[in-house]
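Just so it is clear: chains get the letters A, B, ... in the order the sequence lines come, proteins before strands, and each one is counted from 1.
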Number of protein chains: 4
Amino acid sequence: MSPEKQAAKGMADPMKPRGRPRSGQAHQAILAAALAELARSGFRALTVDAIAARAGVGKMTVYRRWPNKAAVVMDAFLSLVGPATAFPEAPRAIDRIRGQMRLQAAFFNGKFGRAIKALLGEAQFDAELAEAFRDRWLTPRRQMTRRMLREAVRQGDLRADRDLETVIDLLYGPIYYRLQLGTGPITAAYMEGVFARAMRGLARPSASA
Amino acid sequence: MSPEKQAAKGMADPMKPRGRPRSGQAHQAILAAALAELARSGFRALTVDAIAARAGVGKMTVYRRWPNKAAVVMDAFLSLVGPATAFPEAPRAIDRIRGQMRLQAAFFNGKFGRAIKALLGEAQFDAELAEAFRDRWLTPRRQMTRRMLREAVRQGDLRADRDLETVIDLLYGPIYYRLQLGTGPITAAYMEGVFARAMRGLARPSASA
Amino acid sequence: MSPEKQAAKGMADPMKPRGRPRSGQAHQAILAAALAELARSGFRALTVDAIAARAGVGKMTVYRRWPNKAAVVMDAFLSLVGPATAFPEAPRAIDRIRGQMRLQAAFFNGKFGRAIKALLGEAQFDAELAEAFRDRWLTPRRQMTRRMLREAVRQGDLRADRDLETVIDLLYGPIYYRLQLGTGPITAAYMEGVFARAMRGLARPSASA
Amino acid sequence: MSPEKQAAKGMADPMKPRGRPRSGQAHQAILAAALAELARSGFRALTVDAIAARAGVGKMTVYRRWPNKAAVVMDAFLSLVGPATAFPEAPRAIDRIRGQMRLQAAFFNGKFGRAIKALLGEAQFDAELAEAFRDRWLTPRRQMTRRMLREAVRQGDLRADRDLETVIDLLYGPIYYRLQLGTGPITAAYMEGVFARAMRGLARPSASA
DNA sequence: GGCTAAGCGAGACGGTACGTCTAGTCTTGGG
DNA sequence: CCCAAGACTAGACGTACCGTCTCGCTTAGCC
């Protein structure tokens, strides 16, 4: 998926590189073009020819670096959004989580939301793409969330829980669900609702004995 | 999407239908063939030609009834699974919900799970398909769940909640999340975990005051 | 090809016709529509659906009377031009032939020329159509020409010739040649040139001894 | 029609050609396959898919070079028969013409005759195809005939004639007429008959004064 | 007046080929 | 060995039209 992985195909990694070196300029141009085409046409209508043409690059140069169209677009997307949706600063970890959920809601509502939908949709048909999505988008964010959750437990705001994965799913599942299924708007208020119910629980206090 | 909607395109709906009526036999044969091809090849590899050939039907007969391959397969899928994943009987509504969640987990693990993934993925690119998915798969199930939730409130097991939509998202979001993102297996145990945490809440009892 | 031939398929020709009789009105409407479509779209672009629609007739009603689209158009064409291109009156038969050749030139230049081209073109792929063209267009005209030639021989203007077929070919071959190959305009002057050279011969008088 | 003409569509003809050059091998393979399919199935039944498959070539490669199926087959035909039906050697030009007419009769009776019929038929519906037929089949042959006719005049066998076009039509019109209309067999004897009558003329010697 | 047979307008049917499109690979000449 | 350009194979797509079939109805002659 990544250029490094591509390059590793040749066996002579530590050897001195021969011939004309790859143009970093081309790399950037391709990513930019991919992003532009993604915005213009959406994922499906977008063609590799169009990306190459817009980048002023041969198609071969694209395929030398990425195995297929989905991978290019995925990389373009990730290169762009990498640092976004961080956890805002706050004294209590629980508030940082809540803040991040609000940020994510805003994020999912813009054009990035559409891009994520498309990429995630395509990933249903392409295992490698799905892996890339998990490894480079999802996992880092879950990692961060896990850290926050542990901190919140330490600070006495959350119960200790052996299975943080499920906890994360409970908090973030609903937002992806709405994004993909389109059952309603993804607003800050909605995220607050999810957060509050997840914290407090749905059962009547007396009943859960 | 559905044939009825198709037919409604003509302006003279209440008029008596003229000409040779559409063959219900062909309709059924196409749906069956679509299902068979879906099982054999998966959604992407499956072709309309193959469906038509297997159904012993001209390609035109397929395209006369559905606008594209996704719509056919969606209809085929829905015609099959329509009645599945019902709420099992139980004295308390809250237990019926939990039971249904376990059933759904099983359901999502089989070939239906793969079909749903594919359909849901495709729906990210096709608004009409997305609508069909919502209207014919999702909405009826949410409707049913809503009824169950109200019953559970009446029976004193759940808090009253003005926003049942969010409650449903909290319960079912995680399962779709795992299905689509592949972050872990969808087991009965997982569903129990989701259910339990959603009921009890994540916060330390004292903290949520 | 003709309706009579169609009707003769049943074995009980002399039997009294049963059931609803065929509508003469539909027959005429179809021929008229075929002609109109021929003028509008040319032979290739013209569709049976269009003919039927314009005639306000079901497609079946067309196919009950003619075996295929070429046959309809051929009939439409012949019904129209039947009496045209007759031999003009003149005291000497040789002049009637020359006159008819001039008429034919004019005829081939109009829209009928285009229709003949198309019909003749199509006939290269359809034996039945070719037969119809020969039987109903060509043969009657050749018959007439043969009679004229014999008369001209009797009147002392032509040599006696055992093989009138070749003579006719010599006179009329060139006009069809130009029509089909498009090597030049089909004018009255051209026809005169053909006629004159055919009469007088190409060889130097002394040389042909 | 021809590949050169195709290529000329781009505006930068004198520019150095960039990118991978078109494969001459593919070109030849397609023509050969087209010929084979023409022999096997006839013009109408022959499909572009079959040509491409037999040539081991993608359909796109066919359509990149020719605008439609008729154009391919025409090119294939012309590339094959280019040099055929030459004028046989003889001391007197008039005999060379007569000899060529006999050769042409033989030629038109074989499978080439059927191909010419089909191509000529198709050309009635396709102006470009007709042009190709004229430019690459007909015109060169007429050119040659014109030269022969002039030589025969010089040798004293033919009258001088200002309008050689009409003379050629008189000699060759009948053969195409029979080929297209099917009014009789195209034999050497028939050609002799045409030739003789054209030379000597049809009129009674005394009458044509 | 009812019966039977065939024709009627409409339009769906099976089939087949078309010409277009895109993905991903290969091949030029030049850097 | 990389690059831009663009041709390559492969194969699905959606459209078009052919000639046939089927529906509910009408129109005739015969009983």
Please list each protein N or O that sits under 3.5 Å from an N or O in nucleotides 23-28 of chain F, with the distance.
{"residue": "dT26(F)", "atom": "O2", "partner": "Arg20(C)", "partner atom": "NH1", "Å": "2.9"}

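Atom-to-atom, CZ of Arg44(B) to P of dG24(E) comes out at 11 Å; the value is rounded to the nearest Å. In this structure, the CG atom of Asp126(B) is 15 Å from the C1' atom of dC13(F), given to the nearest Å. Atom CD of Gln25(B) is separated from atom C1' of dT22(F) by 13 Å (rounded to the nearest Å). Between the CZ atom of Phe125(C) and the P atom of dA17(E) there is a distance of 16 Å, rounded to whole Å. Between the CZ atom of Phe43(A) and the P atom of dT22(E) there is a distance of 14 Å, given to the nearest Å. In this structure, the CD1 atom of Ile30(D) is 12 Å from the C1' atom of dA7(F), given to the nearest Å. With rounding to whole Å, Leu46(A) atom CG is found 15 Å from dC21(E) atom C1'. Atom P of nucleotide dC8(F) and atom CD of Gln28(D) are separated by 13 Å, given to the nearest angstrom.
The side chain of Val48(D) approaches dC18(E) more closely than any other nucleotide in the set dC21(F), dC18(E), dA7(F). Of the candidates dG15(E), dC21(F), dC13(F), dC21(F) carries the atom nearest the Met60(C) side chain, counting heavy atoms from C-beta on.
Contact check for Phe125(C) versus Glu122(D): side-chain heavy atoms found under the 4.5 Å cut-off. Proximity of His27(C) to Arg22(C): side-chain heavy atoms (C-beta onward) are nowhere separated by under 4.5 Å. Two residues are said to be in side-chain contact when any heavy atoms from C-beta on lie closer than 4.5 Å; Phe133(B) and Leu78(B) fail this criterion. Looking at Asp126(D) and Asn68(D), their side chains come closer than 4.5 Å, going by heavy atoms from C-beta outward.
Comparing Thr47(D) and Gly24(C) against DNA chain E, the residue whose closest nucleotide sits nearer the 5' end is Gly24(C). Nearer the 5' end of DNA chain F, as judged by each residue's closest nucleotide, is the contact made by Gly58(D), out of Ala45(C) and Gly58(D).
Within residues 49-57 of chain D, the residues having any heavy atom closer than 4.0 Å to DNA chain F are, in order of number, Gly56(D), Val57(D).
Regarding contacts with the backbone of dA16(F), every side-chain N or O of Arg64(B) stays at 4.0 angstrom or more from both OP1 and OP2. The phosphate of dG24(E) (OP1 or OP2) has a side-chain N or O of Tyr63(A) nearer than 4.0 angstrom. For the OP1/OP2 pair of dG9(E) and a distance below 4.0 Å, the side-chain nitrogens and oxygens of Thr61(C) include at least one atom meeting the criterion. Look at Arg22(C) and you won't find any side-chain N or O under 4.0 angstrom from OP1 or OP2 of dA5(E).
Within 6.0 Å of CZ on Arg44(C) lie more than 12 heavy atoms contributed by other residues, nucleotides or ligands. Within a 6.0 Å sphere centred on CZ of Arg114(C), heavy atoms belonging to other residues, nucleotides or ligands number 12 at most.
One donor-acceptor pair, N or O on each side, does fall under 3.5 Å between the base of dG14(F) and the side chain of Lys59(B).
Both cation-pi conditions hold for Lys69(C) and Phe43(C): the charged atom is under 6.0 angstrom from the six-membered ring centre and inside a 45 degree cone around its axis.
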| request: Could you go through the side-chain contact (heavy atoms from CB on, under 4.5 Å) check for Ile30(A) and Val72(A) one step at a time? | output: CA-CA 8 Å; Ile30(A) 292 167; Val72(A) 193; 3.9 Å; yes
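In this structure a side-chain-to-backbone donor-acceptor pair under 3.5 Å is present from Gln124(D) to Leu120(D).
The nearest pair of heavy atoms linking Val57(B) to Ala26(B) is CG2-CB, 4.0 Å.
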